[in-house]
Amino acid sequence: MKYERSIIITGGAGFIGSHVVRLFVRKYPDYRIINLDKLTYAGNLENLRDIENEPNYRFCRLDVCDLEAVTALMKEENVDGIIHLAAESHVDRSIRDPFIFARTNVLGTLSMLQAARLCWEPKAYEGCRFYHISTDEVFGALEMTRPEGGKDGRGPYGSKLFKEDTPYNPHSPYSASKASSDHFVRAFHDTYGLPAVITNCSNNYGPYQFPEKLVPLFINNIRTRKNLPVYGKGENVRDWLYVEDHARAIDLIFHRGTPGDSYNIGGFNEWKNIDVVKLLIKTTDRVLGRPEGADDDLITYVTDRAGHDLRYAIDSSKLKTELGWEPSLQFEEGMEKTVRWYLENEKWLERVTSGDYLRYYEQMYGAK
Ligand code: NAD
Ligand code: DAU
């Protein structure tokens, strides 16, 4: 079959990537969707069981750093679009092992950019698009000038928000590697004319997130009655967005965003970590039929994360004004959906936390 477009989505077996792959495979049957993923500990093909047999979908186990193999795949599939999500994504891991973050996030992005350039420069980039998924963490931390919050004790917790032109000021090895990759993307646009677009998104939550991140880790710990390790005093503020709303924004920006531009994506939804944790306990206990307050004693304050950014808050008004995107879910509603999903998918959680899914790959694809 001749496809209208042929798109590589890197990191498609991860949390956000799996939602983007699912959306594109289903919404665009005339597009060839190639999921390029190395399947690290964070990649899980079980996240895509429901679409893995669709005729327009293909999975390729590849490392984004493998320029030769990526270029060959692009030529074979006549690729005209790349949505680049593959990355090492967990801040705590970056503090323990920064080198893998530089390799995957910086060199891996450079390799994807170079592959795109090699394949597309000869045709003057006609009809091509490189979309790089980045994070709000590149902007550094905002001040908390209003610790009591706004109306009904919620955010905003300060007057400043991250805008597209906020200067980069990363603090963790993770955010430094993402900032560096963003600079390479801009450099390829400015130097070689690569039609590239970048988005910087806030904290995502929802189904299929690896349970090392706050939301799924804590739902799992409440479920199994384990301690909830809150870093510092739990005062840090994050801006939360339901993952399917992020995937919708990616679809819109991939098709209609302006090359050379960047867009902020966020929920206008600032929460202190401790309030997120209390909401998680309340929701999980209610869904499990436990009495209210039954698991409040699981909250355990632990040593703070090194270099822990105090507050992130995104101004996504450019995306709303230019492309009409808005988040669709209230936080409480999104959290309820999320909690229910993890509790209904205990097997997924258990296989991921036990590492069983990694043994499955070894049988299918050989040891890494
Ligand atoms: P994730 O850790 O869940 O998934 C990452 C995926 O990339 C995995 O499938 C993994 O196997 C794959 N991968 C890692 N190294 C690879 C390599 N060398 N070659 C090929 N594939 C490789 O990550 P996520 O949370 O879904 O984040 C996806 C992207 O979105 C990242 O670029 C991240 O920086 C960005 N982002 C994440 C959030 C968030 O809240 N999770 C928010 C904003 C931006
Ligand atoms: O802001 C976007 C970023 O959001 C993405 O770029 C990252 O890929 C993604 O991992 C996420 O980073 P965070 O560090 O904000 O997410 P995490 O879930 O690790 O932590 C959320 C907050 O909760 C943070 O302030 C640290 C705190 N925390 C986290 C864990 C895992 C705890 O207090 N205890 C914990 O055990």
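Read the numbers this way: they start at 1 and go in the same order the structure lists the ligands and their atoms.
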Counting only nitrogen or oxygen atoms and a 3.5 angstrom limit, does [X] reach ligand 2?
X: N236; result: no
X: D92; result: no
X: V230; result: no

For [X], atoms of ligand 1 separated by under 4.0 Å from a heavy atom:
X: L85; result: 28 (C), 29 (C), 31 (C), 32 (O)
X: A87; result: 5 (C), 7 (O), 14 (C), 31 (C), 32 (O)
X: L62; result: 19 (N), 20 (C)
X: K178; result: 31 (C), 32 (O), 33 (C), 34 (O)
X: L39; result: 11 (O)
X: I133; result: 30 (O), 32 (O)
X: T104; result: 15 (N), 16 (C), 18 (N)

Protein contact to [atom] [nearest heavy atom, distance to 0.1 Å]:
atom: atom 11 (C) of ligand 2; answer: N203 ND2, 3.5 Å
atom: atom 44 (C) of ligand 1; answer: S134 O, 3.2 Å
atom: atom 42 (C) of ligand 1; answer: S202 O, 3.2 Å
atom: atom 33 (O) of ligand 2; answer: Y231 N, 2.9 Å
atom: atom 5 (C) of ligand 2; answer: Y174 OH, 3.5 Å
atom: atom 9 (C) of ligand 2; answer: S89 O, 3.9 Å
atom: atom 23 (O) of ligand 2; answer: N273 ND2, 3.4 Å
atom: atom 38 (C) of ligand 1; answer: I16 CD1, 3.5 Å
atom: atom 34 (O) of ligand 1; answer: Y174 OH, 2.6 Å
atom: atom 4 (O) of ligand 1; answer: G14 CA, 3.5 Å
atom: atom 8 (C) of ligand 1; answer: D37 OD2, 3.6 Å
atom: atom 18 (N) of ligand 1; answer: D63 OD1, 2.9 Å
atom: atom 10 (C) of ligand 1; answer: T40 OG1, 3.3 Å
atom: atom 19 (O) of ligand 2; answer: R305 NH2, 3.0 Å

Would you mind listing which atoms of ligand 2 come within a distance below 4.0 Å of any non-hydrogen atom of [X]?
X: F218; result: 34 (N), 36 (O)
X: K213; result: 10 (O), 18 (O)
X: P229; result: 32 (C), 33 (O), 34 (N), 35 (C), 36 (O)
X: T135; result: 1 (O), 2 (C), 3 (C), 5 (C), 6 (O)

*Does ligand 1 have an atom that lies less than 4.0 angstrom from a heavy atom of G12?*
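It does not, in that no heavy atom of G12 comes within the 4.0 Å cut-off of ligand 1.
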_Tell me whether N203 reaches ligand 1 (any heavy atom closer than 4.0 angstrom to a ligand atom)._
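N203 counts as a contact of ligand 1 under the 4.0 Å cut-off.
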With only distance considered, is [X] within less than 3.5 Å of ligand 1 through an N or O on each side?
X: N44; answer: no
X: E88; answer: no
X: C65; answer: no
X: C201; answer: no
X: R103; answer: no
X: K38; answer: yes

*Of all pairs that satisfy ring pair (Phe, Tyr, Trp, His ring centres under 6.0 Å), the ones with a partner from residues 149-174, not counting sequence neighbours*: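 Sorted pair list: F139-F162, F139-Y168, Y168-H183.
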Any idea which of [options] brings a heavy atom closest to [atom]?
atom: atom 2 (C) of ligand 2; options: I274, V302, D136; answer: D136
atom: atom 22 (C) of ligand 1; options: G43, S89, A86; answer: A86
atom: atom 13 (P) of ligand 2; options: E137, E212, R311, H90; answer: E137
atom: atom 17 (P) of ligand 2; options: N204, I314, L214, L217; answer: L214

*Could you tell me which non-hydrogen atom of V70 sits nearest to which non-hydrogen atom of A115, and how far apart they are?*
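Heavy-atom minimum between the residues: CG1-CB, 3.8 Å.
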*Taking the six-membered ring for Trp, are Y31 and Y28 parallel (under 30°), tilted (30 to 60°) or perpendicular (over 60°)?*
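Y31 and Y28: parallel rings.
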*Taking the six-membered ring for Trp, are F24 and F254 parallel (under 30°), tilted (30 to 60°) or perpendicular (over 60°)?*
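Rings of F24 and F254: perpendicular, over 60°.
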*Work out whether the distance between some heavy atom of H308 and some atom of ligand 2 is less than 4.0 Å.*
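Contact present.
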*Indicate whether any N or O donor in one side chain lies under 3.5 Å from an N or O acceptor in the other, for D245 and W325.*
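Judged by distance alone, the side chains do not pair up.
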*Decide whether T145 and K160 meet the rule of one side-chain donor and one side-chain acceptor closer than 3.5 Å.*
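There is no such pair between these side chains.
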*Got a salt bridge between R117 and E121, using NZ or NE/NH1/NH2 to carboxylate O under 4.0 Å?*
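So R117 pairs with E121 through a salt bridge.
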*Is the gap between the ring centers of Y205 and F331 under 6.0 Å?*
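Yes, the ring of Y205 comes within the 6.0 Å limit of the ring of F331, centre to centre.
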